[in-house]
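Just below is one structure, and these are the notes that go with it.
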Amino acid sequence: MLRRPPFPRPSAAAVDKARLLLDRALGPSKVITSPDACLNYAGDESDQDPVTPDAVALVSSADDVARALAAASEAEVPIVPRGAGSGKSGGAVPVGGGIVLATIGMKSIKEIDREELVAVVEPGVILGDFHAAVEAEGLFYPPDPNSLKMCAIGGNIAENAGGPRAFKYGVTREYVLGLEATLMDGTRLRTGRRTVKGVTGYDVTSLLVGSEGTLAVFTEATLQLIPKPPGVVTLLALFDTAFSSGRAVSAIIAAGLVPRCLELLDAGALEAVRARGVPVDARAGALLLIEIDGDAASCEAAMERIGEACVSQGALDVLAAQDKAQRDRLWEARRALSPATRAMARFKISEDVVVPRTRLPDLLTEVGRISEETGVRMLSYGHAGDGNLHVNFLWNDPDQGPAVEKGLDRLFRAVIGMRGTLSGEHGIGTSKAEFLPLEQSAELIDLQRRIKTVFDPRGLLNPHKIFPRRGHGVC
Ligand code: MLT
Ligand code: ZN
C-alpha cells in the first residue's frame, strides 16, 4: 500500500449522537455499530487503506435513506453511500469515518417494460442478475463491468462504470434515463425522463451519473434497454508483442469495423490467464479478445475483415471460439484478471487511464519504459478499443512504495501528454484525487467544488473524494 496521511474523524460525542439518532430513526436491526461488523464496510477493491466506519445504516427504502441522511446531518458526521463495495478508486471507503449508508438491501427490479425498452430498478440490484432478467425478456442492457457478478447498479451509476462492451455500446451514463435521488437536506428529486428523447432543463441526470456518491444518494434508476443482439462471435488474435497488438487495434478501427469488445492482454496479463488454467499458445506475448454481435451474415463478414486487419499487423494466429463453453471460458479468464493479478503480488494498483486509440502503442511502450526505469513489475490489459488500459503496478516489498509513486506520476503525465485522461471507468475517488490538477484547470476544479457545495453545503456526503486536499495535488 502507498502511504497517505489519514483524514480527520468526527469527535466521540458526534459519533455517539449519530448512533443514537440512527437507532431512533431506523430501529436497531438496521444499524451496525460493533467495530467487527463495521469492518465489513471499511474497504473496496482499490488500493485505498480500509477505514472502519463508526456506524453502518442498512437502508431498505427511500424513506430510510432520507432518515439516515438526516441523522448524519444533525450529528454533523460524514455519510458515505455504498453499493457492493466493488469500486476501484476508494469511492465507498469512509476515509473520514462516520456512517456508511449501505443500499445493497434495495434489490428490487421494479419494472421491465418490453414495449418502451425501459427498466426501473433499485440501487442494490446486482448487475449480473439484472442482465439475466432483461435477457430472459429478449432485451439487453449493455454496460458490463467485469465485476458484474457482484457489483450493484447504484455503484455502477455513481462511478459511471464501463466494461468491455463499451467499445460499441458506450458506458453506464448512456443508459441512465432518469434517477430518483435524495439530497443531504432530505430533498427528494426525480431527474431525467422515461422517454427516448428529452432536453428539458439542465441535464442533472448526467451530472449525478459519475458523481461518485458526492452529490446525492440514488434510490431508483430508470434505465434504457435495447433489443438483445441475435448472435455473438468471439475471436482470439495472438501476437508476439503488445506493441503489434496495439497496432492491430488501430487497424481494426481504421477499417471502420465496430466489434462490441476489443480487449488487449499483454504478456504479464497472459501469465495470469495461463495461471488460471486457460491454455494460451506459448508463442503469444499478447492477445486481442474480440467480440462481434449481430446477425449471422454480418458477424461472418466482420470476422473475416477483423482477421485480415490482425494478420496485416503480424498476428501469429486468429482463432474463433468454437462454442459457448469455449467463449465462456475465455471471458471467465478475462473477467477474473483483476483478482488474478492481485494474487500475483502482495501489493497491486490497477489504473484505468485512457489515451486516443492511435496512441495505444505509444502508451504500451511508455509502460515498458516506466517499469524498466522504476524497477516495478507492471502489466497491462483492458479495453483497447476505447484506448482504455488497466496499467497494473505489482510489488511485494513495501520499500518499493516511492518507486511506485514515481511510476504513477510518470504514467499520468505521459497519458495527459498524449491528450488522454486519468480515468476511463473507475473514477477518481481518493486514489487519483491528488493527480486531478494534471488534467483539469484550477478554475474547472473550483467550479466543481462549488457545484458540490450547492448539493451538500456542509460537505458531509462522501467527503474527501475526487478533489485534491487543499494545498495538495501535483502541478
Ligand atoms: C476490468 O476491466 O477487469 C476492471 O475494470 C477492473 C480492473 O482490472 O482494473
Ligand atoms: Zn475495465
Side-chain angles (χ1 to χ4, degrees), residues 1-8 44-49 51 78 80-81 87-96 155 157-162 171-173 206-216 349-356 359 363 366 370 382 386-391 393 401 404-456 459-475:
M1 292 284 178
L2 301 177
R3 273 187 193 92
R4 294 185 183 118
F7 292 95
D44 65 0
E45 290 295 317
S46 70
D47 64 305
Q48 168 67 53
D49 282 329
V51 178
V80 178
K88 302 199 65 99
S89 58
V93 180
V95 289
I157 295 172
E159 300 295 332
N160 191 15
V171 297
T172 300
R173 178 173 282 124
S206 280
L207 175 62
L208 294 181
V209 178
S211 61
E212 305 193 20
T214 63
L215 298 181
I349 289 182
S350 175
E351 290 305 340
D352 66 321
V353 292
V354 194
V355 291
R359 303 299 305 270
L363 176 61
E366 185 61 22
I370 296 173
D386 300 319
N388 183 191
L389 218 55
H390 296 306
V391 178
F393 293 74
V404 174
E405 296 273 18
K406 196 168 148 208
L408 281 172
D409 188 77
R410 274 211 39 195
L411 173 70
F412 292 144
R413 285 180 196 275
V415 163
I416 299 301
M418 292 179 205
R419 295 178 157 197
T421 181
L422 297 179
S423 176
E425 53 179 15
H426 295 167
I428 297 296
T430 51
S431 309
K432 288 182 281 278
E434 306 309 319
F435 293 99
L436 191 65
L438 277 183
E439 180 173 339
Q440 297 192 340
S441 69
E443 291 79 5
L444 182 55
I445 294 174
D446 185 53
L447 174 69
Q448 294 172 92
R449 283 194 201 269
R450 281 186 281 136
I451 291 173
K452 161 83 172 148
T453 309
V454 170
F455 281 80
D456 174 24
L460 294 174
L461 186 60
N462 207 4
H464 315 301
K465 305 293 163 69
I466 304 178
F467 309 115
R469 294 175 200 231
R470 300 270 181 195
H472 287 68
V474 293
C475 45

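All figures in this text were calculated on a predicted structure; none of them were measured in a lab. Any value given below was found using the heavy atoms of this structure, including those in side chains, with hydrogens, waters and symmetry copies removed. Position 1 is the first residue of the sequence; numbering continues from there.
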If you compare all heavy atoms of [X] against all heavy atoms of [Y], which two are closest, and at what distance to 0.1 Å?
| X | Y | answer |
| --- | --- | --- |
| Arg469 | Glu434 | N-OE2, 3.5 Å |
| Phe467 | Ala433 | O-CB, 3.6 Å |
| Thr421 | Ile416 | CA-CD1, 4.4 Å |

Are the side chains of [X] and [Y] in touch, meaning some heavy atoms are under 4.5 Å apart?
| X | Y | value |
| --- | --- | --- |
| Lys465 | Val95 | yes |
| Leu411 | Phe393 | yes |
| Val93 | Thr430 | no |
| Val391 | Ile349 | no |

[atom2] on [Y] to [atom1] on [X], rounded to 0.5 Å:
| X | Y | atom1 | atom2 | answer |
| --- | --- | --- | --- | --- |
| Met418 | Leu363 | CE | CG | 5.0 Å |
| Lys88 | Ser423 | NZ | OG | 12.0 Å |
| Thr214 | Ile466 | OG1 | CD1 | 4.0 Å |
| Ile157 | Ser211 | CD1 | OG | 10.5 Å |
| Ile451 | Asp456 | CD1 | CG | 13.5 Å |

Is the shortest side-chain N to carboxylate O distance from Glu366 to Arg410 below 4.0 Å?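 Here Glu366 pairs with Arg410 in a salt bridge, since their nearest N and O are under 4.0 Å apart.
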Backbone of [Y] reached by a side-chain donor or acceptor of [X] within 3.5 Å:
| X | Y | answer |
| --- | --- | --- |
| Asn462 | Gly91 | yes |
| Gln448 | Leu444 | yes |
| Glu439 | Leu422 | yes |
| Arg173 | Asn160 | no |

Can Val415 and Arg359 be said to form a side chain to side chain contact (heavy atoms under 4.5 Å, CB included), step by step? CA-CA 9 Å; Val415 163; Arg359 303 299 305 270; over 6 Å; no
Checking Phe455 against Leu208 for the side chain to side chain contact (heavy atoms under 4.5 Å, CB included) test, could you report, in this order, the C-alpha distance in whole Å, the side-chain angles of both residues, the deciding distance, and whether it holds? CA-CA 11 Å; Phe455 281 80; Leu208 294 181; 3.9 Å; yes
Under the salt bridge (charged side-chain N to carboxylate O under 4.0 Å, His left out) rule, collect the residues that match up with Lys432, sequence neighbours excluded.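 Salt bridge (charged side-chain N to carboxylate O under 4.0 Å, His left out) list for Lys432, sorted by chain: Glu351, Asp352.
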Within the 3.5 Å criterion, strictly below it, is a donor on Glu45 or His426 matched to an acceptor on the partner's side chain?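 No.
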By side-chain contact (heavy atoms from CB on, under 4.5 Å), which residues pair with Ser431, not counting sequence neighbours?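 Result, side-chain contact (heavy atoms from CB on, under 4.5 Å) vs Ser431: Ser46, Asp47, Ser89.
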